[in-house]
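To start, the structure under review is shown below, and the notes come after it.
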Amino acid sequence: MAISIFQDSLGRVILSESGTRQSPSPSPSPPSFSFSSVFSTKKPFPNRMPSGGAVAYDNMSPFVFLLWLVTVPLLAHPALSNPLGYFINCGGSNEVTVDSLKYVPDGSYTKVGSVATINQPDLLPTLTTLRYFPNTQSRKFCYSFPVIKGNKYLVKTIYYYGGFDGGKQPPVFDQIVEGTRWSVVNTTDDYAKGLSSYYEVVVVSHGKKLSVCLARNEHTGTSSPFISALEVKSLDGSLYNPTDFSKYALVTVSRHSFGGEDIISFPDDKFNRIWQPFKDQNPVVASLSNVTSSDFWNLPPVKAFSSGITTSEGKTLEINWPPVSLPSTYYYISLYFQDNRNPSPLSWRVFDVSINGHTFFSTLNATTKGVTVYAAQWPLSGQTKITMTPSGEMPVGPVLNAGEVYQILPLGGRTQTKDLIALEDLARSIQNPPRDWNGDPCRPKGHSWTGVTCSEQFIARVTSLNLTNGGLAGTLPPTIGNLTALSHLWLGGNKFTGKIPELGGLKELETLHLENNKFEGPLPPSIQKLPKLREIYSDMQNNKSDGKATTKH
């Protein structure tokens, strides 16, 4: 079995054997940033592709560091099933296949937006359509996926502008996952080079639905946020532990296999994580022994160990990776090592690992079975250099096979479950709810649902619901009485019908506006007993004010 070794952000050893896990002390919350990874828009060209796909690496810009020139042949794995999760062809009306993965139309997962077709030759099928969101009055536009509460998911968003709106530059906008502002989407540089872009984040679902949203920001103007494809993939529980996913998400910064020629993805990686090849001036070695993926927490693909970067006997191995300047914050780092020689009593390498001059792990023993070193919150800033220094009289130099880096993204909070359920029930009870009533009702801050005001806590409560003159028709669900933090409930000037449900639990309610609707019957008697209620506007039978305020003294 492979050894999995964990360190905290100070370099202290936390884990020494697979299965014996501890959590480090938390580090300060870092600022947020994001990276985009890019790949080409083109279909594969057989005359340019050796087996497995031809891949070139290019450090293109400070925020672009993965270049996928062509894709794996579509016939390479014709009988495979998709990884568990959702693969969505945004704006499409038919199922399409890319690299043996099937993408379905997105109409079942969003109720808003318009669709467009990109008429360019040789585009990947998922890039020939997109969904865009022209409504300038709405705050955010969301996809919603049924999920298992508490499960871990890898979310990937894919963008290719294609000039769908007649413009020359892609719109700039935000993306949101589970109520947390994830990153800014700016694909301008990528599109100018003929590339599409993708972003990834690892997040745990806090309910039975997972939302992925696009939102306008100060740079969007009157242009329309858009999306080409979307993946939501279920991950095994062991992946990227011991991150506290109740407080953080992980934004992909870099994922590479060292010394390889080909991109590694599904089916070699069962979660369709993309492992780009990385080469520099250091020698490359091929592995002569296999590892077992299940021996490692993060379940890296076996192919990620098929090659490595090394150096000669007695020399220090230095690698500048990730190959971009990083903002100053904290990162999850996972490095993978394996002695590449045939298994024997002498097949091991011992060396020290440091990052930017700080000890990451001392006296690491890399055997043919493989070893990983983790750091859950490690500070990085600017250019990153990984240095591996051999110990003693080792007859071979250090070796590095693969690595992953993720930004630690503090979550922005979410709406309390009972408030969320009440508002979702209300949305279903209204024939024409506001078009931005999707995703989290309260978060992120500044992107709450139209008419909804929330508290500032991490678990937000709904404090005001103002739908006055909203042109709404429907009924009020019983669960509206569960909005126990409401101070103001204003529904006047609509076409609501039916009876007012029991509201006796709204102990914080101060004002209630129900006038100019078509409600039936009297007000529930419990309303008159609410301790803070000082103002009622209603047309109901037991309100003698005929639409004017009844004031409690």
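These numbers come from the heavy atoms of this one structure, side chains and all, not from hydrogens, waters or symmetry mates. For clarity, every value in this text was computed on a predicted model and none was experimentally measured. Residue indices begin at 1 and follow the sequence shown.
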Taking every heavy atom of Y374 against every heavy atom of S334, the minimum-distance pair comes out as CE2-OG, 3.7 Å

Just by distance, with hydrogens left out, do R139 and S448 show a side-chain donor and acceptor under 3.5 Å apart?
yes

Partner of S464 under side-chain contact (heavy atoms from CB on, under 4.5 Å), picked from L483, V452, T453, is T453

Whether the side chain of N517 engages the backbone of E515 through a donor-acceptor N/O pair (distance < 3.5 Å, no angle test) should be reported.
yes

Would you find more than 12 non-hydrogen atoms of other residues, nucleotides or ligands less than 6.0 Å from I148 atom CD1?
no

Is it true that a side-chain atom of K140 and a backbone atom of D440 form a donor plus acceptor pair closer than 3.5 Å?
yes

When you check the side-chain N and O atoms of T484 and R461, is any donor under 3.5 Å from an acceptor?
yes

Could you go through the salt bridge (Lys or Arg N to Asp or Glu O under 4.0 Å) check for K499 and E520 one step at a time?
CA-CA 5 Å; K499 296 183 178 181; E520 301 170 4; over 6 Å; no

Give the intermediate values and the outcome of side-chain contact (heavy atoms from CB on, under 4.5 Å) for residues L230 and F145.
CA-CA 11 Å; L230 175 59; F145 301 94; 3.4 Å; yes

Here's a test for you: under side chain to side chain donor-acceptor pair (under 3.5 Å), which of K532, E535, H488 qualifies with T511?
H488

Under 3.5 Å: donor-acceptor pair, side chain of R273, backbone of F266:
no

Any side-chain heavy-atom pair from I227 and Y132 closer than 4.5 angstrom?
no

Just by modelled atom types, is the Q169 backbone N or O under 3.5 Å from a matching donor or acceptor in the T188 side chain?
no

Is it true that E200 and R255 make a salt bridge, defined as a side-chain N closer than 4.0 Å to a carboxylate O?
yes

If you define the side chain from C-beta out and look only at heavy atoms, does anything of T329 sit under 4.5 Å from L380?
no

Can R131 and D106 be counted as an ion pair, charged N to O under 4.0 angstrom?
yes

Can you check whether K418's main-chain N or O pairs, donor with acceptor, with Q416's side chain at less than 3.5 Å?
no

I want to check something: taking the side chain as every heavy atom from C-beta on, are L130 and C90 in contact at a cut-off of under 4.5 Å?
no

Could you give the distance from CZ (F173) to CZ (F133), rounded to the nearest 0.5 Å?
9.0 Å

Main chain of G412, side chain of T180: is a donor-acceptor contact present, judged purely on distance under 3.5 Å?
yes

Over 60° means perpendicular and under 30° means parallel, so classify the ring planes of H513 and W490, tilted if in between.
tilted

Minimum heavy-atom separation for V155 to W182, with atom names?
O-CH2, 3.8 Å

Taking atom CG of L465 and atom CG of L486, what is their separation to the nearest 0.5 Å?
6.5 Å

Quick one: pull up CG in L84 and CG in N151 and give me the separation to the nearest 0.5 Å.
8.5 Å

Should the ring pair Y199 and Y159 be called parallel, tilted or perpendicular, given that the plane angle runs from 0 to 90° and is split at 30 and 60?
perpendicular

Looking at side-chain heavy atoms only, is the closest gap between S144 and K209 below 4.5 Å?
yes

Within the distance-only criterion (no hydrogens, no angle test), does the side chain of D539 pair as donor or acceptor with the backbone N or O of N516 below 3.5 angstrom?
yes

For Y161 and Y191, I'd like to know if the aromatic rings sit close, meaning centre-to-centre distance below 6.0 Å.
yes

Where do L250 and T243 land on the side-chain contact (heavy atoms from CB on, under 4.5 Å) test, with the steps shown first?
CA-CA 9 Å; L250 297 179; T243 301; 3.9 Å; yes

N272 and L101: side-chain contact (heavy atoms from CB on, under 4.5 Å), yes or no, with the steps?
CA-CA 9 Å; N272 194 37; L101 293 168; 3.4 Å; yes

With rounding to the nearest 0.5 Å, note down the distance linking SG in C213 to CZ in R443.
14.0 Å

Between N89 (side chain) and V96 (backbone), is there a donor-acceptor pair under 3.5 Å?
no

Cation-pi, F271 ring and K233 (6.0 angstrom, 45 degrees):
no

For L523 and L514, the nearest pair of non-hydrogen atoms, with its separation, is CD2-CD1, 3.6 Å

So which heavy atom on V98 is nearest to which on P125, and how close?
CG2-CD, 3.7 Å

Can you confirm whether or not the ring centre of F226 sits under 6.0 Å from the ring centre of F164?
yes

CG of L235 to CG of N298: how many Å apart, nearest 0.5 Å?
9.5 Å

Hey, does L509 have a side-chain heavy atom less than 4.5 Å from the side chain of L489?
yes

For G471, is there any backbone N or O sitting under 3.5 Å from a side-chain donor or acceptor partner on N432?
yes

Are the side chains of S211 and E178 in touch, meaning some heavy atoms are under 4.5 Å apart?
yes

C442 versus V462, closest heavy-atom pair with distance
SG-CG2, 4.0 Å

Of all heavy-atom pairs between Y160 and L195, which one has the smallest distance, and what is that distance?
CD1-O, 3.8 Å

Given the side-chain rings of F245 and Y153, with only the six-membered ring counted for Trp, is the space between their centroids under 6.0 Å?
no

Any chance you could measure N469, atom CG, to L491, atom CG, to the nearest 0.5 Å?
11.5 Å

Taking atom types as modelled and ignoring hydrogens, do the side chains of Y103 and E231 form a donor-acceptor contact shorter than 3.5 angstrom?
yes

Using only atom types and a distance under 3.5 Å, with no angle test, would you say the side chain of T220 pairs donor to acceptor with the backbone of P171?
no

Full working for side-chain contact (heavy atoms from CB on, under 4.5 Å) between L476 and I500
CA-CA 7 Å; L476 299 183; I500 301 295; 4.1 Å; yes

What I want to check is whether the side chains of Y240 and E404 have a donor and an acceptor closer together than 3.5 Å.
yes

Please examine the side chains of W297 and D236, heavy atoms only from C-beta on, and report whether any two atoms are closer than 4.5 Å.
no

With a 4.5 Å heavy-atom cut-off, do K156 and V212 have their side chains touching?
no

